[in-house]
Amino acid sequence: MGGVQLLALLMFGAGSGLQSVTGHVGSPDHPAVFTLHAVDETGVRVNDAPRLELDLTVEPQGRAPYRAQIKQVVALSELGSLHPGDRYHGLVDLDRPDGVSIDW
């Protein structure tokens, strides 16, 4: 295997690993409201930002609400806005209910 091919394979593998660490699971595109119930540390950091476990109620627009526990990297600047009981707006992937993008 040539050096360029090996480098491409390694970069693909690293990117796939980062995807599993960051919790990226698709393209959230459906409006939703999220109620935060609890926040826990996972002990993982990505670019110095903590990956947190979030216990949420997800309310997709026009759909029944459901409870979800997701792991998501949260920027250090956003940590002060995480308050259990607060509601946040964002997007959800209807094909992957744990695929969310929250506007902190």
Side-chain angles (χ1 to χ4, degrees):
M1 184 178 290
V4 172
Q5 291 170 326
L6 181 58
L7 179 61
L9 183 60
L10 290 172
M11 290 177 68
F12 175 77
S16 297
L18 181 60
Q19 178 177 351
S20 67
V21 168
T22 60
H24 180 75
V25 292
S27 299
D29 60 358
H30 190 83
V33 175
F34 305 92
T35 302
L36 182 64
H37 300 290
V39 179
D40 289 313
E41 287 271 350
T42 64
V44 174
R45 297 181 92 66
V46 177
N47 291 332
D48 219 19
R51 182 173 186 230
L52 303 175
E53 184 171 43
L54 308 172
D55 181 17
L56 306 164
T57 295
V58 181
E59 300 173 46
Q61 188 175 42
R63 305 276 178 119
Y66 60 91
R67 196 80 176 242
Q69 289 184 333
I70 65 163
K71 292 179 181 171
Q72 192 168 75
V73 175
V74 178
L76 291 174
S77 60
E78 304 299 332
L79 290 178
S81 67
L82 298 177
H83 303 288
D86 282 356
R87 294 168 55 88
Y88 305 91
H89 294 272
L91 301 171
V92 66
D93 182 343
L94 294 178
D95 295 327
R96 299 279 310 263
D98 60 340
V100 302
S101 174
I102 303 171
D103 297 331
W104 301 113

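Any value given below was found using the heavy atoms of this structure, including those in side chains, with hydrogens, waters and symmetry copies removed. Note that the numbering runs from 1 along the sequence shown for the chain. Here the structure is a predicted model, which is why all the values come from computation and not from measurement.
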Linked, directly or transitively: V58 and V33 (ILVMFWY side chains, under 4.5 Å):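 Different hydrophobic clusters.
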
Cluster link L76 to V39, ILVMFWY, side chain under 4.5 Å: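 Yes.
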
Would you mind reporting whether [Y] and [X] have side-chain heavy atoms less than 4.5 Å apart?
| X | Y | value |
| --- | --- | --- |
| P50 | E41 | yes |
| Q72 | R51 | no |
| L36 | Y88 | yes |
| L91 | V100 | no |

Tell me the closest heavy-atom pair linking [X] and [Y], and the distance in Å.
| X | Y | value |
| --- | --- | --- |
| V92 | P60 | CG1-CB, 4.1 Å |
| F34 | S101 | CE1-O, 4.1 Å |
| P65 | T57 | CB-CG2, 4.2 Å |

Single hit among D55, D98, L56 for side-chain contact (heavy atoms from CB on, under 4.5 Å) with Q69: D55

Interatomic spacing from [atom1] in [X] to [atom2] in [Y] - rounded to 0.5 Å:
| X | Y | atom1 | atom2 | answer |
| --- | --- | --- | --- | --- |
| L54 | L82 | CG | CG | 7.0 Å |
| L94 | S27 | CG | OG | 12.0 Å |
| R67 | H37 | CZ | NE2 | 4.0 Å |

Distance-only side-chain donor-acceptor flag, T35 / R87, under 3.5 Å: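 A donor-acceptor contact under 3.5 Å links the two side chains.
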
N/O donor-acceptor pair under 3.5 Å between D93 side chain and D95 backbone: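 Yes.
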
H30 (side chain) donor-acceptor with Q61 (main chain) under 3.5 angstrom: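 Checking the backbone N and O of Q61 against the side chain of H30, a donor-acceptor pair under 3.5 Å is found.
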
R63 atom CZ, over 12 foreign heavy atoms within 6.0 Å: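 Not more than 12 within 6.0 Å, no.
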
